[in-house]
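Input: a single structure, listed below in structure tokens.
So that the names make sense, note that chain A is the first sequence line, chain B the second, and so on, each numbered from 1.
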There are 2 protein chains.
Amino acid sequence: MIIMFSKACEYSIKAVIYLATRSEQNQRARLPEIAEAIGSPEAFTAKILQELARKKLLISVKGPKGGFELNGDADEISLYKIVEIMDGDSLFHGCALGFKKCSDVHPCPVHNKFKAIRDHLTGVLLTTSIKEAAGTVDEGQSFLTSLK
Amino acid sequence: MIIMFSKACEYSIKAVIYLATRSEQNQRARLPEIAEAIGSPEAFTAKILQELARKKLLISVKGPKGGFELNGDADEISLYKIVEIMDGDSLFHGCALGFKKCSDVHPCPVHNKFKAIRDHLTGVLLTTSIKEAAGTVDEGQSFLTSLK
DNA sequence: ATAAAAAAGGACAATTTTATCCGAATTAAG
DNA sequence: CTTAATTCGGATAAAATTGTCCTTTTTTAT
């Protein structure tokens, strides 16, 4: 199976976008609500939100009225940041054929063509903010759960 | 961890390119030689070559002087074909956020931006033949194993 | 203070992917 | 026909990812 992002990363992106759709009201959201909103397994999502809080992308608050909220402005959080936290930078700098060292001086057979694809992907992730993504959800132009 | 291709697919691509570098001599290569040439675990590579032979991308011959060879011309085998066989078409048609159904009428928040990336990737894989990739290896411009 | 509500954290289970091993089947060559 | 060289196929193991469960800790509200 080919994957572009891990499940953990997919859920992270969706969770952070969801929080951004509610941050105009500066509202926290609790785990069950988040998991429901993005259609993810609750216990697994808990681990992920924990990790995002540890990495300072979210703020977590325990106790009644607690929950999770964005740490900072939605327009200053890029998709790149989330992917980097959850999956590392191998998607941006790794080799398509798995070379430990793939470079212009010792390239794999698809090095140049995939460099262009990686740059394209990296550019999209760097320039897409959570605010932008959340905007399309707010306007009903996109969704956080799939049809069945 | 983010991956673009599975290990099985990485090894497949490298193995097929290796066979193409030897096909001018119309030579078969045996498993140990292939695994050595591409730096892959031999037993796992055996399973992969088996699968490629089952799917008619390779021809396998048992017994003394046996081995594997390309089934058809190297310039008529695209990277796309190999990826499709080994990893299915989810990289080409799947949703970056894992939606079962992600479409223009019910898109995920990154649908359009990732459609462009997928199209870019699909184009590269469709238009890159094994012959072309093997050519760069033959000319010493690219390699099938990484430096350490 | 106490009780209730939430996240934190550890242990564990399930699934998928990657990898190994070995005997069986097939084929070529003498 | 026999032997040796190969791939084939099944069983199994190891590792990574995904997922669950339960107890502890922290915090709010009464």
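Across the protein-nucleic acid pair, Arg54(A) atom CZ and dA8(C) atom P stand 8 Å apart, rounded to whole Å. Straight-line distance from the CZ atom of Arg30(B) to the P atom of dA4(D): 17 Å, rounded to whole Å. Nucleotide dT6(D) holds its C1' atom 12 Å from the CD atom of Glu42(B), rounded to whole Å. Rounded to whole Å, the distance from CD on Gln50(B) to P on dA11(D) is 14 Å. Atom CD of Glu51(A) is separated from atom C1' of dG19(D) by 16 Å (rounded to the nearest Å). Distance, Leu31(B) CG to dA5(D) C1': 13 Å, rounded to whole Å. Whole-Å rounding puts the Ile48(B) CD1 to dG9(D) P distance at 16 Å. Taking atom CZ on Arg28(B) and atom P on dA5(D), their separation rounds to 17 Å, with Å as the unit.
Look at Ser60(A) and you'll find a side-chain N or O under 4.0 angstrom from OP1 or OP2 of dA8(C).
Among residues at least two apart or in separate chains, there is no ring pair (Phe, Tyr, Trp, His ring centres under 6.0 Å) pair with a member in residues 45-74 of chain A. Residue pairs satisfying the side chain to side chain donor-acceptor pair (under 3.5 Å) criterion with at least one member in residues 71-88 of chain B, sequence neighbours excluded, are listed as follows: Ser6(B)-Asp87(B).
Between Phe143(A) and His106(B), the two ring planes are parallel [angle under 30°; tilted spans 30° to 60°].
Picking from dG9(D), dT20(D), dT20(C) the nucleotide with the shortest atom distance to the side chain of Lys47(A) gives dT20(D). With dT20(C), dT7(D), dA7(C) as the candidates, the nucleotide lying closest to the side chain of Ala43(B) is dT20(C).
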Could you check Glu51(A) against Lys47(A) for salt bridge (charged side-chain N to carboxylate O under 4.0 Å, His left out), going step by step and ending with a plain yes or no? CA-CA 6 Å; Glu51(A) 174 73 5; Lys47(A) 301 295 187 194; over 6 Å; no
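Of all the residues in residues 89-102 of chain B, not one reaches under 4.0 Å from DNA chain C with any non-hydrogen atom.
In this structure, Ser146(A) contributes its side chain and Lys100(B) its backbone to a donor-acceptor pair below 3.5 Å. With Arg28(B) contributing its side chain and Val61(B) its backbone, the two residues share no donor-acceptor pair below 3.5 Å.
Between the CD1 atom of Ile77(B) and the CD1 atom of Ile17(B) there is a distance of 11.0 Å, given to the nearest 0.5 Å. With rounding to the nearest 0.5 Å, the separation of NZ in Lys14(A) from OG in Ser40(A) is 7.5 Å.
The distance between the ring centers of Phe5(B) and Tyr11(B) does not fall below 6.0 angstrom.
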Using residues 116-123 of chain B as the side-chain source, report each donor-acceptor pair under 3.5 Å to any protein atom, sequence neighbours left out, with the distance given to one decimal.
unit_1, atom_1, unit_2, atom_2, d
Arg118(B), NE, Phe92(B), O, 2.9
Arg118(B), NH1, Gly94(B), O, 3.0
His120(B), ND1, His120(A), ND1, 3.1
Thr122(B), OG1, Arg118(B), O, 2.7

Would you tabulate the nitrogen or oxygen pairs shorter than 3.5 Å linking the protein to nucleotides 23-30 of chain D?
unit_1, atom_1, unit_2, atom_2, d
dT26(D), O4', Lys62(A), NZ, 3.4

Quick one: which protein N/O atoms are closer than 3.5 Å to N/O atoms of nucleotides 12-18 of chain D? Pair and distance per line, please.
unit_1, atom_1, unit_2, atom_2, d
dT18(D), OP1, Lys7(A), N, 2.8

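Between the side chains of Lys113(A) and Thr128(B), at least one donor N or O sits under 3.5 Å from an acceptor N or O.
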